[in-house]
Structures are given as structure tokens and as C-alpha cells.
Amino acid sequence: ITGCDLSGLSDGTLATIHAYHGAAESTNITMTKDTSAPTGTIAILNGASATNNVGTTLNLTYPGATEMEIANSNNCTGTFGWEAVSATRAWNITGANPSDVSVRYKDTAGNLSPCYTDTIGFDNTAPTVTNVTSSTADGTFDEGATISIQVNFTEAGFVASGTPSLSLNTAPARSAT
């Protein structure tokens, strides 16, 4: 069947036609109208606010979609072509701070979703010390004495493992924990 105008009809299964090709042959043809765009979401690293690695994972939802196109942009431009949908996808962000990734979905009828975007902060520069001061008065201290030391960094950070230590400018050289 060619040339059917379905524009005045609502979405869904419209008709099943039983076509005869002869006494012993027949074919059932079902027509379905689908103008509804698929929906979806995107989250970089499960919605993390920042990363220090350009290699990330995208977490995607796509009810009704069969294909997706992904871009390192906030508006689905510069995509890398259509590919089969997947709940997760390894992805390299641009390394800009912040970095945007967008996705658009397509269903079997060719309907396109809106553009979905997520943004993640990117920082792969370790904090550095900007200032070291002490609220303890200058003096001579016995071993085991407590000296209060304040250390300022270029940005907030955390100790991933172990105990932080500070090298002291003493003779002989010592460190404090």
C-alpha cells in the first residue's frame, strides 16, 4: 500500500488489512501511526558535580528510543553519529571546566527527542599550598609538644588515604603529622 494519508488520525494501531494474492496466499498488513517523540535523560558519572578525569561514564535512560547521538556540547551539535541506545556509555569529556555532554534519542518511526544535557566540573590540577602560619608563639619546644599550624591551599581538597604530613624547615629536617 502506498500513498496513505494518516495526518488526520491519532497515534496507535490504525488498521490491519488482509490482502489476497491469490486463492492460497494472503498477507496481513498492520499500520501504526507514531508521531510521539521519545524521552530520555543523561547523567555524567551518575550526576557527579565534578571529576578529575576526562574518561567518564554516561548514565542514560531512553524509554521508547532505539538510537541515540551524543555530543560534547550543550545543544546536541557536533554529534558523533547515531548508535544503538545503551544504559551506560564510556565517554571522554572535553576537559573544559565545566564540560557539557548532550544526547538526542530517536525511535523506530524516526521521531526525535529534545536535546538532553548534563554538565560536570573538571579539575585535574592538585591543590597547592599558598600559606603556612602558626598561632603558637615562636620558641623552643620539647619533643612531643603540640604546635598549632594552619595551612592554606589554592582550593579545597581531601586526603584520599593515609595521614597528611608537613615537612618542616628545621635542622635536622623533620616532618609533622
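Quick caveat: nothing in here was measured; it's all calculated off a predicted structure.
- Atom-to-atom distance recorded for N152:CG and T133:OG1 is 6.0 Å, nearest 0.5 angstrom.
- N92 approaches G55 most closely through the heavy-atom pair OD1-CA, 3.3 Å.
- The closest side-chain heavy-atom distance from V101 to T56 is not below 4.5 Å.
- For D107, the side chain to side chain contact (heavy atoms under 4.5 Å, CB included) partners at least two apart in sequence or on another chain are D34, P38, A109, N111.
- Cluster annotation: M68 and L112 are assigned to distinct hydrophobic clusters (Ile/Leu/Val/Met/Phe/Trp/Tyr, side-chain heavy-atom contacts under 4.5 Å, transitive).
- Contact detail for A37 and S113: the closest heavy-atom pair is CB-CA, 4.2 Å.
- Side-chain contact annotation: S135 with S148, donor-acceptor N/O pair under 3.5 Å present.
- You'll find the side chain of D100 stays beyond 4.5 Å of the side chain of S73, heavy atoms only.
- Here the side chains of V151 and I149 are in contact, with some heavy-atom distance below 4.5 Å.
- When only modelled atom types and interatomic distance are considered, T61 and T41 share a side-chain donor-acceptor pair under 3.5 Å.
- Across all non-hydrogen atoms, the minimal contact from F141 to D138 is CZ-C, 4.4 Å.
- To the nearest 0.5 Å, atoms CG (N74) and CG (D118) are separated by 11.5 Å.
- Taking the side chain as every heavy atom from C-beta outward, F80 and I70 never approach each other to under 4.5 Å.
- Atom-to-atom distance recorded for E69:CD and C115:SG is 8.5 Å, nearest 0.5 angstrom.
- The structure places OG1 of T79 at 11.0 Å from CG of N72, a figure rounded to the nearest 0.5 Å.
- When all heavy atoms of S99 and I44 are compared, the pair lying nearest together is O-CD1, 4.2 Å.
- At least one donor-acceptor pair under 3.5 Å links the side chain of N97 to the backbone N or O of F122.
- A heavy-atom distance below 4.5 Å is not found between the side chains of N75 and T117.
- Here the closest non-hydrogen pair linking G47 and A43 is N-CB, 3.7 Å.
- Using a 4.5 Å cut-off on side-chain heavy atoms (C-beta onward), F153 and T128 make no contact.
- The aromatic rings of Y105 and Y62 sit tilted, their planes meeting at an angle between 30° and 60°.
- Annotation: side chain of I93 is in contact with side chain of V54 (closest heavy-atom distance under 4.5 Å).
- Residue E83 holds its CD atom at 9.5 Å from CD of E67, rounded to the nearest 0.5 Å.
- Across P63 and G40, no two heavy atoms sit closer than the pair CD-CA, 4.4 Å.
- Y116 has its side chain within reach of V103: a pair of non-hydrogen atoms, C-beta onward, lies under 4.5 Å apart.
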